Amino acid sequence: MAQASASISTLSIAEALRGKPGGMATVRGWVRTRRDSKAGLSFINLNDGSGFGDLQIVAPNDLPNYASAIQRLTTGCAIEATGELVESQGQGQLVELRASSITVVGWVDDPDTYPVSAKRHTFEYLRDVAHLRVRTNTFGAVARVRHCIAMAIHRFFHERGFYWVHTPIITASDCEGAGEMFKVSTLDHLNTPRTPDGKPDFSQDFFGREAMLTVSGQLNVETYCCALSKVYTFGPTFRAENSNTSRHLAEFWMIEPEIAFADLQDDMQLAEDMLRFIAKTVLEERADDMAFFEQRIQKGVIERLQAVADTAFERCTYTDAIAILEAAKTKFEFPIHWGADLQSEHERYLTEEHFKKPVIVYNYPKSIKAFYMRMNEPDAQGRETVAAMDVLAPGIGEIIGGSQREERLDVLDKRLDEMGLNKDDYWWYRDLRRYGSVPHAGFGLGFERIIQYVTGMANIRDVIPFPRTPGNAAF
RNA sequence: UCCCCGAUAGCUCAAUGGUAGAGCGAGCGGCUGUUAACCGCUAGGUUGUAGGUUCGAGUCCUACUCGGGGAGCCA
């Protein structure tokens, strides 16, 4: 397949589009559209995923395979084209490739039923052809932005001295407490071994005990935090909740940093710095894709992202948030009062209407938060709160949830007792509080949710390659 | 899981309980340095699945599946 001539370089289409007219080049990709001109030319828009833009290939009718192949090209065909990069005579592009040869690498079987034809498709339909949807403008752009954000997150932490910790996917501790878990088992479902009291005998299972897929790497990563000081996880997470919304998946990716010798203020600063770094990086590196999202997906995404990059987030205690909500003229379906958890409508009001930008709400009532969150001193009215924080973003809602962790063993044990949890199940977690315990804090960022926020994509199922949701694990 | 709405050609959608249509895509032809191209012709259907009501069901009823909007769980 490689060209014999050493003077012809194979370029990605992104490189070809950046190149100056003059040189010879070979490009490869998939046909987006073909238009014939009776002036003796065909125009082929070619895309290889290296960037948003297509390269226009000009195919003159004196090519030997013009009638037999070029004129039969349809959307989706894979080709290799070699020719000279020239200044375009038409509008709409600076450079184009004047082909001296075009090889068809792969035909489209039946153009009439090619699932991703050159027309508009709904996202709902494209989910049914997830193996081909990435060939569309939208899903190609999402894939590139997803990669860009992932790399930005790794760079952000790496540059600040964090270590990436690979916490386990399979866990035997039922104590993660963040939702329903998928079971991991090699037991025979048709002939399950039983204990005398009729329950499945997990001692005969693969791990010798009941095992699940993780719902969070937090408890594990805290152990590494209390030795390496600054750590984070970035991996898949599983929740067996029967959630049917545009912002929940059964399998999603999560980033969970954890910092030692740190309090909630440090935690909030880290969350904000990270989100602003992500915004800045995407604007710099994926301007082509962002221009598309701005134009076709959601007006204002670029401005919104620019605002995240440029301006500090709002911060507001839970108690102050309640005061704002109580003073609001908006009628809420669920009346709000101190001690109640914020409903979606309340979060939306705060971030979309009151502050009109990302806001960090912190110091929540202890009664609505997890056992591991650090107890604050009671306020003047004696109300008890924990050092927890949520980052709320317009259009998405909760994008980050985090807290300072309870590092005092006696306080932690009291909380475990209050919540009816068995201390023995948490023996290694409690050990961290016995051996050189230090204040530490962390948060969880939903990876797909930050992609939704950045791109303006409305449904979380469209920002992950192959979404897993209740009743759907196709592909 | 709960409430509301929906499922008809490859795709997006029409169709009073009485002969299933259009646009786009596709095929063929015309025109043109074209670019959401344009003009003409052609093909394309077990109306999501399973039951029921009716002389007759795309249309009415029931259940299920999937999708959308909202809610809960959360990231």
Side-chain angles (χ1 to χ4, degrees), chain A residues 32-46 53-60 71-72 74-76 86-93 96 98 108-129 132 136-137 177-180 215-218 236-256 271 296 333-334 341-345 347-348 368-370 390-393 396-402 443-453 458-461 463-464 467 469-472 474:
Chain A
R32 283 289 172 80
T33 58
R34 189 200 87 230
R35 298 173 297 280
D36 299 325
S37 165
K38 279 300 178 301
L41 307 162
S42 285
F43 299 94
I44 300 161
N45 276 28
L46 197 67
D54 301 333
L55 179 65
Q56 175 159 285
I57 312 292
V58 181
Q71 289 197 295
R72 290 174 46 218
T74 56
T75 304
V86 298
E87 203 173 312
S88 181
Q89 296 174 35
Q91 303 293 307
Q93 58 280 317
E96 61 192 21
R98 177 160 280 269
V108 164
D109 235 27
D110 178 3
D112 191 34
T113 57
Y114 180 61
V116 193
S117 56
K119 72 175 296 297
R120 290 195 183 170
H121 299 283
T122 60
F123 293 149
E124 293 82 9
Y125 163 73
L126 288 169
R127 263 173 237 151
D128 293 335
V129 288
L132 297 170
T136 64
N137 282 335
E180 288 296 310
V215 294
S216 166
Q218 182 201 316
T237 306
F238 308 87
R239 304 265 168 100
E241 304 286 349
N242 194 0
S243 297
N244 293 286
T245 80
S246 57
R247 39 182 208 289
H248 288 87
L249 291 165
E251 176 185 280
F252 64 99
W253 289 61
M254 188 155 66
I255 295 95
E256 296 174 289
R296 292 294 178 87
E333 189 188 341
F334 298 92
D341 209 352
L342 299 181
Q343 305 286 320
S344 287
E345 57 178 342
E347 296 183 345
R348 270 210 305 276
I368 58 172
K369 289 293 180 182
D390 285 345
V391 180
L392 311 179
I396 306 291
E398 185 181 337
I399 199 167
I400 281 178
F443 62 81
L445 167 72
F447 186 47
E448 283 75 20
R449 288 192 183 171
I450 188 67
I451 300 171
Q452 279 190 275
Y453 183 65
N459 197 309
I460 200 166
R461 300 168 192 206
V463 297
I464 189 167
T469 50
N472 194 342

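Labels below follow one simple rule: chain letters A, B, ... track the order of the sequence lines, proteins then strands, and each chain is numbered from 1. All values reported here derive from a predicted model rather than from experimental measurement.
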Would you mind classifying the nucleic acid contact of Ile450(A) as base, sugar-phosphate or nothing, using non-hydrogen atoms under 4.0 angstrom? nothing

Roughly how far apart, to the nearest Å, are U19(B) and G25(B) at atom P? 31 Å

Does U12(B) have OP1 or OP2 under 4.0 Å away from a side-chain N or O of Thr122(A)? yes

What nucleotide among G27(B), A75(B), A37(B) has an atom nearest to a side-chain atom of Thr33(A)? A37(B)

Does the ring of Phe252(A) lie flat against the base of A75(B), closer than 5.5 Å centre to centre with planes under 30°? yes

Atom C1', compared across G72(B) and A14(B): separation rounded to whole Å: 37 Å

Which nucleotide in the set A37(B), U1(B), G67(B) lies at the smallest distance from any side-chain heavy atom of Asn242(A)? U1(B)

Applying a 3.5 Å limit to both distances, which nucleotide forms a Watson-Crick or G-U wobble pair with C2(B)? G70(B)

Using the P atoms only, state how far G58(B) lies from G52(B), rounded to an integer number of Å. 15 Å

Categorize Tyr125(A) for me: base, sugar-phosphate, or nothing, with a 4.0 angstrom heavy-atom threshold over every strand shown. sugar-phosphate

Under 3.5 Å: donor-acceptor pair, side chain of Gln452(A), backbone of Arg247(A): no

When both distances are under 3.5 Å in a Watson-Crick or G-U wobble arrangement, the nucleotide paired with C60(B) is G52(B)

Taking atom C1' in both A9(B) and A71(B), what distance in whole Å separates the two? 37 Å

Quick test: give all pairs of protein nitrogen or oxygen and nucleotides 32-34 of chain B nitrogen or oxygen below 3.5 Å, distance rounded to 0.1 Å.
| residue | atom | partner | partner atom | Å |
| --- | --- | --- | --- | --- |
| U32(B) | N3 | Asp36(A) | O | 2.9 |
| U32(B) | O4 | Asp36(A) | O | 3.0 |
| U32(B) | O4 | Lys38(A) | N | 2.8 |
| G33(B) | N7 | Gln89(A) | OE1 | 3.2 |
| G33(B) | O6 | Gln89(A) | NE2 | 2.9 |
| G33(B) | O6 | Arg98(A) | NH2 | 2.5 |
| G33(B) | N1 | Glu96(A) | OE2 | 2.6 |
| G33(B) | N2 | Gln56(A) | NE2 | 2.9 |
| G33(B) | N2 | Glu96(A) | OE1 | 2.5 |
| G33(B) | N2 | Glu96(A) | OE2 | 3.1 |
| U34(B) | O2' | Arg35(A) | NE | 3.2 |
| U34(B) | O2 | Arg35(A) | NE | 2.9 |
| U34(B) | O2 | Arg35(A) | NH2 | 2.9 |
| U34(B) | N3 | Gln56(A) | OE1 | 3.0 |
| U34(B) | N3 | Gln56(A) | NE2 | 3.0 |
| U34(B) | O4 | Gln56(A) | NE2 | 2.8 |
| U34(B) | O4 | Gln93(A) | NE2 | 3.0 |

Glu345(A) CD to C3(B) P, straight-line distance once rounded to whole Å: 20 Å

Sugar-phosphate, base or nothing in reach of Gly397(A), heavy atoms under 4.0 Å: nothing

Separation of atom NE2 in His121(A) from atom C1' in C11(B), rounded to whole Å: 6 Å

Just to be sure I understand the rule, does Ile400(A) reach a base, reach only the sugar-phosphate, or reach nothing, if contact means heavy atoms closer than 4.0 Å? sugar-phosphate

Which nucleotide, in any strand shown, forms a Watson-Crick or G-U wobble pair with G29(B), with both distances under 3.5 Å? C39(B)

Which atom pairs link the protein and nucleotides 40-43 of chain B when you take only N or O atoms and keep those under 3.5 Å?
none

Take atom CG of Asn244(A) and atom P of C66(B), then tell me their distance rounded to the nearest Å. 9 Å

Classify the side chain of Arg239(A) and the base of A75(B) as holding, or not holding, a donor-acceptor pair under 3.5 Å. yes

Heavy atoms under 4.0 Å, any strand shown: does Asn459(A) hit a base, just sugar-phosphate, or nothing? sugar-phosphate

Note, Gln218(A) side chain near Met254(A) side chain (heavy atom, < 4.5 Å): no

Is it true that a side-chain atom of Glu398(A) and a backbone atom of Asp390(A) form a donor plus acceptor pair closer than 3.5 Å? no

Is the backbone of Glu241(A) close enough, under 3.5 Å, to the side chain of Glu180(A) for a donor and an acceptor to pair up by distance? no

With a 4.0 Å limit, can you tell me whether Arg348(A) has a side-chain N or O closer than that to the phosphate oxygens OP1/OP2 of A71(B)? yes

From CZ of Phe334(A) across to P of C3(B) the rounded distance in Å is 15 Å

Now, which nucleotide makes the Watson-Crick or G-U wobble pair with A22(B), with each of the two distances under 3.5 Å? U12(B)

Rounding to the closest angstrom, what is the interatomic distance between G10(B) and A43(B) at atom C1'? 13 Å

Main-chain N/O of Ala474(A) paired with Asn472(A) side-chain donor or acceptor, under 3.5 Å: yes

For G44(B) versus A63(B), give the span between their P atoms, rounded off to a whole number of Å. 38 Å

Between G10(B) atom P and Leu126(A) atom CG, what is the distance in whole Å? 16 Å

Closest heavy-atom pair, Leu132(A) versus Val116(A), reported as atoms and distance to 0.1 Å, is CB-CG2, 3.5 Å

For atom CZ of Phe123(A) and atom C1' of C11(B), their distance in whole Å: 15 Å

So what does Thr237(A) touch, heavy atoms closer than 4.0 Å: a base, only the sugar-phosphate, or nothing? nothing

Determine the interatomic distance between C1' on A20(B) and the same-named atom on A57(B); round to the nearest Å. 13 Å

Under 4.5 Å between any side-chain heavy atoms of Phe252(A) and Arg239(A), yes or no? yes

Would you mind classifying the nucleic acid contact of Arg296(A) as base, sugar-phosphate or nothing, using non-hydrogen atoms under 4.0 angstrom? nothing

5'-most contact on RNA chain B: Glu124(A) or Glu398(A), nearest heavy atom basis? Glu124(A)

Atom pairs under 3.5 Å, N or O on each side, protein against nucleotides 20-23 of chain B: can you list them with distances?
none

Using OP1 and OP2 only, check whether a side-chain N or O of Thr75(A) sits under 4.0 Å from G25(B). no

Taken to the nearest whole Å, CZ/Arg461(A) to C1'/G68(B) is 9 Å

Quote, to the nearest angstrom, the C1' distance that separates U8(B) from A22(B). 13 Å

If only atom types and distance count, is the side chain of Glu448(A) paired as donor or acceptor with the main-chain N or O of Trp253(A) below 3.5 Å? yes

I'd like to know if the side chain of Thr33(A) pairs up with that of Arg35(A) as donor and acceptor (distance under 3.5 Å, no hydrogens or angles considered). yes

If I take atom CZ in residue Arg34(A) and atom P in nucleotide A37(B), what distance separates them, rounded to the nearest angstrom? 12 Å

Say whether Glu256(A) and Ser216(A), considering side chains only, have a donor N or O and an acceptor N or O under 3.5 Å apart. yes

